[in-house]
Amino acid sequence: MARISDEWMTNADIVALQLAMERQEINSVDLVVYYTERIKTYNGKINAVLELNPDAIEIAESLDRERVSNGSRGPLHGIPILLKDNIQTADQMHTSAGSICLAEHVATEDAYIAAKLRDAGAVLLGKVNMTEWANFMAVAMPSGYSSRGGQVANPYGPGIYEVGGSSSGSGAAVATHFAVGAIGTETSGSIVNPAGHNSLVGLKPTVGLLSRSGIIPLASSQDTPGPMTRTVTDAAVLLGVMTGVDASDAHSIASDGHGHRDYTPYLNRRGLHQARIGIPRWYYQHLDEEERQLAERAIQVLRDEGAIVIDDVVLPCQDAVWNYDVLLYEFKRDLNAYLAKLDPSKTPVHSLEEVIAFNERHADQALVYGQDTLIWSEDANGTLTEETYLTSLHRYQELTRAQGIDHALHTYQLDALFFPKDEGEDIAARAGYPLLIVPAGYTSKGPMGVMFAAGAYSEPTLIKLAYAFEQATLYRRPPIL
């Protein structure tokens, strides 16, 4: 087994790891052992990884033999990847969305994206903690807490800095170098928020670009998986591997013709040159002085790299007052449909109503922060024919598209909008549009990111812009453990 240094791994992206494996300097088993040892050493402090795949070494050995006999499958061959605990895998690992009521749930088939990762040669190393039910359980629940896994900590300041959520374990694990990358999920901010707090790249795709089949749902009109990595290059590699049209996901079918199998051609060092970037100042008003300085420094980087910065861009929807009716109605319908398919002899809950009842019976462990959001959702009808739901869904999409992101892009002839931190994630979530956050530096409150946003299926543009920003700054530094 090759000895892998922490210093080398700190700067190694997927391209570097593949080159080292092709040169036979390391192999997949070495990577699995390296990351497993780091998890054993540091996870007690960070609490990001729920469980490791007991078959990981065997899988890595098989992939190493395959590389020798048949060559590499592609950029993910032998690369260890972690998955959020709401993404199914057909192996010995569990899929629980952080809830003790599903702590023993073992899926019988892979989620669509998990199967795509396996086919590409990735080693699914383990499952990571998350905010329970994707932070749709209780208003008082802190980001990163689940009844199954406890509280995730931010490796840049455990117990001091916010870890973000709901893909908290994905963010903390990748920041701590527990894997090359992780897959999170987002309904509204759940990838970009923890990515920003953990000094990572987080890519939330257009809804439907990546299938949601086999992922414990929150709301079908907004849910999407996406990569969380230390570099834009790694995010582009992971995104391309997971795209594909899935007949069992209507939103995926609608994305046919819009996805790419390879997003790395968009990694353009001069991607910001002559790009028109809009600064929506309304979303900068609540920054503190440190955050404001980092945001202004980031805007200056855009100018220095040749971008045409349009400041100030106004979104007609920017001061709209939002409700959460769409999420309440869709969560009940979508979760009931998922739970109803589970084997009644192996899982104790098969509807949202039964989840609530189970939690009440196990209140000491399950209800540390209550379950008011679950109850509100259960009180909704959930057939998705209700006037309240339909009116809210139409309003969401009308405001965030025609009076939001699309309006700004067309009115000001922009390539993208540029937000501080994860401000603006809510309008992109309701529109179903992509976001890409990259590290922008550090404040006394921890890491901070900046975010590019644009219209549906604009991932190539966002990758181009974010890569140029990343390469011009190289702000990210690993946490000191």
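- Scanning for side-chain contact (heavy atoms from CB on, under 4.5 Å) contacts around Val438 gives Val201, Val232, Leu436, Val450, Phe452, Ala466, Phe469, with sequence neighbours left out.
- The environment of CD in Glu7 is sparse: at most 12 heavy-atom neighbours from other residues, nucleotides or ligands sit within 6.0 Å.
- In this structure a side-chain-to-backbone donor-acceptor pair under 3.5 Å is missing from Arg276 to Ile310.
- For Asp422 (side chain) and Gly189 (main-chain N/O), no donor-acceptor pair under 3.5 Å exists by modelled atom type.
- For Ser143, the side-chain contact (heavy atoms from CB on, under 4.5 Å) criterion is met by Thr131, Glu162, not counting sequence neighbours.
- Taking the six-membered ring wherever Trp is involved, the centroid distance between the rings of Phe136 and Phe331 falls below 6.0 Å.
- Looking at Asp415 and Thr461, their side chains never bring a donor and an acceptor atom within 3.5 Å of each other.
- In this structure, a donor-acceptor pair under 3.5 Å is absent between the side chains of Ser252 and Ser211.
- A salt bridge links Lys445 with Glu291; the closest basic N to acidic carboxylate O contact falls under 4.0 Å.
- Between Leu63 and His77 the shortest side-chain heavy-atom distance falls below 4.5 Å.
- Side-chain contact check for Gln18 and Glu22: no donor-acceptor pair (N or O, by modelled atom type) lies under 3.5 Å.
- Formation of a donor-acceptor pair under 3.5 Å by the Thr206 side chain with backbone atoms of Tyr433 is not found in this model.
- Summarising the local packing, CD of Glu58 is surrounded by 12 or fewer heavy atoms from other residues, nucleotides or ligands at distances under 6.0 Å.
- Side-chain contact check for Asp55 and Gln92: at least one donor-acceptor pair (N or O, by modelled atom type) lies under 3.5 Å.
- A donor-acceptor pair is defined here as one N or O able to donate and one able to accept, closer than 3.5 Å; no such pair exists between the side chain of Thr411 and the backbone of Ala408.
- Within the model, atoms CG of Leu272 and CD1 of Ile308 stand 11.5 Å from one another, a figure rounded to the nearest 0.5 Å.
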Kindly determine whether Lys204 and Glu425 satisfy salt bridge (Lys or Arg N to Asp or Glu O under 4.0 Å), including the steps that lead there. CA-CA 10 Å; Lys204 176 254 179 183; Glu425 54 81 13; over 6 Å; no
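- A distance of 4.5 Å separates CG in Leu102 from CH2 in Trp133, rounded to the nearest 0.5 Å.
- Partners of Val174 according to the side-chain contact (heavy atoms from CB on, under 4.5 Å) rule, which considers only residues two or more places apart in sequence or in another chain, are Ala182, Leu200, Arg230.
- The nearest pair of heavy atoms linking Asp249 to Ser213 is CB-OG, 4.0 Å.
- Judged by the 6.0 Å distance and 45° axis criteria, Arg38 is not positioned over the aromatic ring of Phe178.
- Rounded to the nearest 0.5 Å, atoms CD (Glu104) and OG (Ser96) are 9.5 Å apart.
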Output a table of donor-acceptor pairs, distance under 3.5 Å, between side-chain atoms of residues 474-481 and any protein atom two or more places apart or on a different chain; print 'none' if there are none.
residue : atom : partner : partner atom : Å
Tyr475  : OH   : Arg297  : NE           : 3.0
Arg476  : NE   : Ser199  : O            : 2.9
Arg476  : NH2  : Ala175  : O            : 3.4

Full working for side-chain contact (heavy atoms from CB on, under 4.5 Å) between Lys127 and Thr89: CA-CA 9 Å; Lys127 294 289 185 73; Thr89 53; 3.4 Å; yes
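- Listed by chain and number, the residues in a side-chain contact (heavy atoms from CB on, under 4.5 Å) with Arg303 are Ile299, Gln300, Val309, Asp311 (sequence neighbours excluded).
- Judged by distance alone, the side chain of Arg401 and the main-chain N or O of Ala431 form a donor-acceptor pair under 3.5 Å.
- Using a 3.5 Å distance cut-off with no hydrogens or angles, the side chains of Thr231 and Glu470 do not pair a donor with an acceptor.
- The closest side-chain heavy-atom distance from Pro75 to Val15 is not below 4.5 Å.
- One N or O on the side chain of Glu330 and one on the backbone of Ser221 form a donor-acceptor pair closer than 3.5 Å.
- Rounded to the nearest 0.5 Å, atoms CG (Leu302) and NE2 (His273) are 14.0 Å apart.
- In terms of heavy-atom proximity, Tyr263 sits nearest to His258 at OH-O, 4.3 Å.
- Counting non-hydrogen atoms of other residues, nucleotides and ligands closer than 6.0 Å to CD of Glu25 gives a total above 12.
- In this structure a side-chain-to-backbone donor-acceptor pair under 3.5 Å is missing from Asp13 to Asp234.
- For the pair Leu125 and Val32, the minimum side-chain heavy-atom distance is below 4.5 Å.
- Among residues at least two apart or in separate chains, salt bridge (charged side-chain N to carboxylate O under 4.0 Å, His left out) pairs with a member in residues 69-79 are Glu66-Arg73.
- Atom CZ of residue Phe419 and atom CD1 of residue Ile437 lie 11.5 Å apart, to the nearest 0.5 angstrom.
- Considering every non-hydrogen atom in both Ser190 and Pro194, the closest pair reads O-CG, 3.2 Å.
- Minimum interatomic distance between Met141 and Glu132 (heavy atoms only, all atoms of both residues): SD-CB, 3.9 Å.
- Defined by atom type and a distance below 3.5 Å, a donor-acceptor pair is present between the side-chain atoms of Thr187 and Asp223.
- Here the shortest heavy-atom pairing between Val207 and Arg212 reads CG1-NH1, 3.7 Å.
- For Ile253 against Ala247, the heavy-atom pair with the smallest separation is CD1-O, 3.5 Å.
- Residues Leu203 and Ile191 have side chains not in contact (no heavy-atom distance under 4.5 Å, counting atoms from C-beta outward).
- Rounding to the nearest 0.5 angstrom, the gap separating the CG atom in Leu82 from the CE atom in Met228 is 11.5 Å.
- Using cut-offs of 30° and 60° for the angle between ring planes, the Trp282 and His286 rings count as perpendicular.
- Counting only N and O atoms by type, the side chains of Asp6 and Tyr34 include a donor and acceptor under 3.5 Å apart.
- Remark: Asp110 does not engage Lys116 in a salt bridge, criterion side-chain N to carboxylate O under 4.0 Å.
- Side chains of Asn129 and Ser168: a donor-acceptor N/O pair is absent below 3.5 angstrom, by distance only.
- A donor-acceptor contact shorter than 3.5 Å links the side chain of Asn193 to the backbone of Gly165.
- Judged by distance alone, the side chains of Thr185 and Lys84 do bring a donor and an acceptor atom under 3.5 Å apart.
- A donor-acceptor pair shorter than 3.5 Å cannot be found between the side chains of Ser167 and Glu186.
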